[in-house]
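Everything below concerns the one structure shown next.
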Amino acid sequence: MSDDWSGDPFANPDDPAAREREQRRLEREEKRRQRDAKKSEKEAAKAPPPEPKAPPEPPKPPRTPEQEFWDEDPPAEKEPTEKEPTEKEPAKAGEDLPPPAAAAAAAAAAPQAAPEPPPTAAPEPVTPEPAVEQSWEHEAPEEDWGFDDEGDPAMAEAARHGRRGGRGGEGGGFFGALRRHPFRIIAVIFALIVVWFLYALFQPFHGDGSGKVKVTIPKGSSVSEVGDLLGEKGVIDSSALFQIRVTLDGKRSDLYAGHFTLAHGMSYSAAIDALSTAPVKRVTSVTIPEGYSRPQAAELVEEDGVPGSYTKATVKSKYLKPAEYGGKGAKNLEGFLFPDTFELKPKAPVADLVQLQLQDFKKRIKGVDMKYAKSKNLTVYDVLTIASMVEREAGVAKQRKLVASVIYNRLHEGMPLGIDATIRFATGNYSKPLTESQLAVDSPYNTRTNSGLPPGPINSPGLAAIEAAAHPAKTDYLFYVNNPDSCNELTFAKTEAEFEAAVRKYETAREKAGGNAPSTCGE
């Protein structure tokens, strides 16, 4: 910085430096006026006839000493900005203003010029003129805080980007808060997720649903399969949440299979309660045990509430002809009524049950190999008759084929079969000891007094007994009697002497049992 700027020029107007600066200013103003005048003359010569001009602008207020001061040349170290007037470019300062405005400014500034003191006069300290003091009082000086006319660049940048004081660079909003307090934000998010999960799981304000949805839960269905089925039907919102809720309630093993009437949009608790209650019975279940005759089965059917007479419905049927299986002389459907568990619609007639039994038999008999029986000149009807006797005589499954072999061997020898089960069928005595008169009953089903097979089956044999009758064991046994040292097993004998010895053993044990059938089943 030069020495011209070392003091306050307004403190002493008679300072030589101040007078020198004032002189240079006046010279610059004169040059501007001359240049503007020449330029105005050239433009006036070239310009077309002037149009009506707008009213002249009011003259600008007189320039203060402070403004005059800033007209001085800037320091050498500072580059000119915004085309500020310099000594090297005096013309540009005049070009910044239109000619009338420049002239007006010059005219206004001219009266303020102070007369130059004689060069020989010595400078004497004088007090500031009132005009200078009034200018300072009119416009208070600004403190120089180091800011330019545009303000602090850092503050301006912060204002443009919406940042305020504080930790610069962290920013505001959600992400700024996440950077400052990550664990708090994560904890809040986790808490919200837990609240949402518990709300969705327990559904505190969920109703019992609307409408009716028929749902059938198959037997053996897992909890996941039940949940998927309910989700597909629209009964519940989520299969996964349903499984979790069933597990929390401890009812995974309490869900029933069967037919249910549920609703759309049920809560998990309502659906679980409905499935945990035994379904309303929508079918009639009837079980015909293996080895039961038509009269015995008729009692069960009546107890189960199936309307109609089972005895009459099983005499004949359009669904099966006994003659097609070799039973030309069959008087009823005994032997063809397959034993099993059947489900009927409520109030279904007994004829529906008979139809199911006959259809079941026709399906099962197709899988039985009858080659061996046919080689012995036996028909399917004969095999059914043998199977019905095996079903009643064999107390254990492993001896079915042995009993069948005795029947085959006695038929081959032409011996009476001597099977008491046929006499029970003839007399209807299925549980009490047979009397002497019953053993001697005159009936074609009395295999003690008649040789060969009885007229037909004496009950409904199961598939295992039919298989044993079609493929008997190959033995030389002709006799069998109950074994007192076993649980429902038989003792087999090849000769009559062996058979008599086995009978004496059985009778002795029976006498010790007080006349009851000896057995080890209760031990």
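Any value given below was found using the heavy atoms of this structure, including those in side chains, with hydrogens, waters and symmetry copies removed.
Side chains of Val481 and Phe479 form no contact here, defined as non-hydrogen atoms less than 4.5 Å apart. Two residues are said to be in side-chain contact when any heavy atoms from C-beta on lie closer than 4.5 Å; Leu353 and Val301 meet this criterion. No side-chain heavy atom of Thr277 sits less than 4.5 Å from a side-chain heavy atom of Asp273. Considering only heavy atoms from C-beta on, Met370 comes within 4.5 Å of Ile365 through its side chain. Contact check for Leu356 versus Leu344: side-chain heavy atoms found under the 4.5 Å cut-off. The closest side-chain heavy-atom distance from Lys505 to Pro484 is below 4.5 Å. Using a 4.5 Å cut-off on side-chain heavy atoms (C-beta onward), Val350 and Lys312 make no contact. Two residues are said to be in side-chain contact when any heavy atoms from C-beta on lie closer than 4.5 Å; Ile407 and Leu417 meet this criterion.
Closest non-hydrogen pair, Ala473 versus Leu402, comes out as CB-CD2, 4.1 Å. Considering every non-hydrogen atom in both Tyr381 and Ala330, the closest pair reads OH-CB, 3.4 Å. Ser285 and Thr341 get closest at one heavy-atom pair: OG-CG2, 3.6 Å. Here the closest heavy-atom approach between residue Val213 and residue Ala263 is recorded as CG2-C, 3.9 Å. Of all non-hydrogen atoms in Pro218 and Ala257, the two that sit nearest each other are O-CB, 3.6 Å. The two atoms that bring Leu333 and Pro322 nearest to each other are CD2-CG, 4.0 Å, heavy atoms only.
In this structure, the side chain of Arg410 engages the main chain of Leu478 through a donor-acceptor pair within 3.5 Å. The backbone N or O of Lys432 lies less than 3.5 Å from a partner atom in the side chain of Arg424, making a donor-acceptor pair. When atom types are taken as modelled, the side chain of Thr447 and the backbone of Ile419 share a donor-acceptor pair closer than 3.5 angstrom. For the pair Tyr256 (side chain) and Ile217 (backbone), a donor-acceptor distance under 3.5 Å is absent. Between the side chain of Glu391 and the main chain of Gly462, a donor-acceptor pair closer than 3.5 Å is present. Using a distance-only test at 3.5 Å, with no hydrogens or angles considered, a donor-acceptor pair links the side chain of Asn332 to the main chain of Glu334. Listed for the Lys362 side chain is a donor-acceptor partner under 3.5 Å among the backbone atoms of Tyr319. Remark: side-chain polar atoms of Arg510 are paired, donor with acceptor, to backbone N or O of Gly515 under 3.5 angstrom. The backbone N or O of Ser443 lies less than 3.5 Å from a partner atom in the side chain of Asn450, making a donor-acceptor pair. Of the possible polar contacts, one joining the Gln357 side chain to the Phe338 backbone as a donor-acceptor pair under 3.5 Å is found.
Within a 6.0 Å sphere centred on CD of Gln296, other residues, nucleotides and ligands contribute more than 12 heavy atoms.
Arg294 CZ to Ile288 CD1: the interatomic distance, rounded to the nearest 0.5 Å, is 12.0 Å. With rounding to the nearest 0.5 angstrom, the OG atom of Ser460 is 5.0 Å from the CG atom of Leu337. We find the CD1-CG distance between Ile272 and Asp254 to be 10.5 Å, quoted to the nearest 0.5 Å. Distance OH/Tyr268 to CD1/Ile244: 9.0 Å, rounded to 0.5 Å. Note that CD1 of Ile236 and CG of Leu241 are 8.5 Å apart. Values are rounded to the nearest 0.5 Å. The CG atom of Leu300 sits 8.5 Å away from the OG1 atom of Thr287 when rounded to the nearest 0.5 Å.
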Handout entry: Evaluation steps, side-chain hydrogen bond (donor to acceptor under 3.5 Å, both in side chains), between Ser309 and Thr311
Key = CA-CA 5 Å; Ser309 173; Thr311 303; 4.7 Å; no

Practice task
Determine, stepwise, if the pair Phe492 / Val403 fulfils side chain to side chain contact (heavy atoms under 4.5 Å, CB included).
Solution key: CA-CA 9 Å; Phe492 293 88; Val403 173; 4.1 Å; yes

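Residue pairs meeting the disulfide bond (SG atoms under 2.5 Å apart) criterion with at least one member in residues 308-338, sequence neighbours excluded, do not occur. Residue pairs meeting the ring pair (Phe, Tyr, Trp, His ring centres under 6.0 Å) criterion with at least one member in residues 417-440, sequence neighbours excluded: Phe425-Tyr445. For residues 462-482, the side-chain hydrogen bond (donor to acceptor under 3.5 Å, both in side chains) pairs, not counting sequence neighbours, are Glu393-Tyr480, Ser405-Thr475. Residues in residues 440-454 take part in these salt bridge (charged side-chain N to carboxylate O under 4.0 Å, His left out) pairs, two or more places apart or across chains: Asp420-Arg448. For residues 365-379, the set of pairs meeting the side-chain hydrogen bond (donor to acceptor under 3.5 Å, both in side chains) definition, not counting sequence neighbours, comprises Thr379-Asp382. Applying the disulfide bond (SG atoms under 2.5 Å apart) test to pairs two or more places apart or on separate chains, those with a residue in residues 437-490 are Cys487-Cys521.
Listed by chain and residue number, Glu489 satisfy the side chain to side chain donor-acceptor pair (under 3.5 Å) test with Lys398 (two or more places apart in sequence, or in another chain). For Arg364, the salt bridge (charged side-chain N to carboxylate O under 4.0 Å, His left out) criterion is met by Asp340, Asp360, not counting sequence neighbours. Partners of Asp352 according to the salt bridge (charged side-chain N to carboxylate O under 4.0 Å, His left out) rule, which considers only residues two or more places apart in sequence or in another chain, do not exist here. Take Ser486 and apply the side chain to side chain donor-acceptor pair (under 3.5 Å) test, not counting sequence neighbours, and it matches no residue. In this view, Lys401 satisfies the side chain to side chain donor-acceptor pair (under 3.5 Å) rule with no residue, not counting sequence neighbours. Residues that satisfy the side chain to side chain donor-acceptor pair (under 3.5 Å) test with Ser451, not counting sequence neighbours, are absent from this structure.
A donor-acceptor contact under 3.5 angstrom links the side chains of Lys214 and Thr261, judged on distance only. No hydrogens or angles considered: a donor-acceptor pair under 3.5 Å links the side chains of Gln243 and Ser239. In this model, no donor atom of one side chain and acceptor atom of the other lie less than 3.5 Å apart for Asn459 and Ser388. For the residue pair Asn429 and Gln438, a side-chain donor N or O sits within less than 3.5 Å of a side-chain acceptor on the partner.
When each of Thr435, Thr427, Thr449 is tested with Val441 by the rule side chain to side chain contact (heavy atoms under 4.5 Å, CB included), just one qualifies, namely Thr427.
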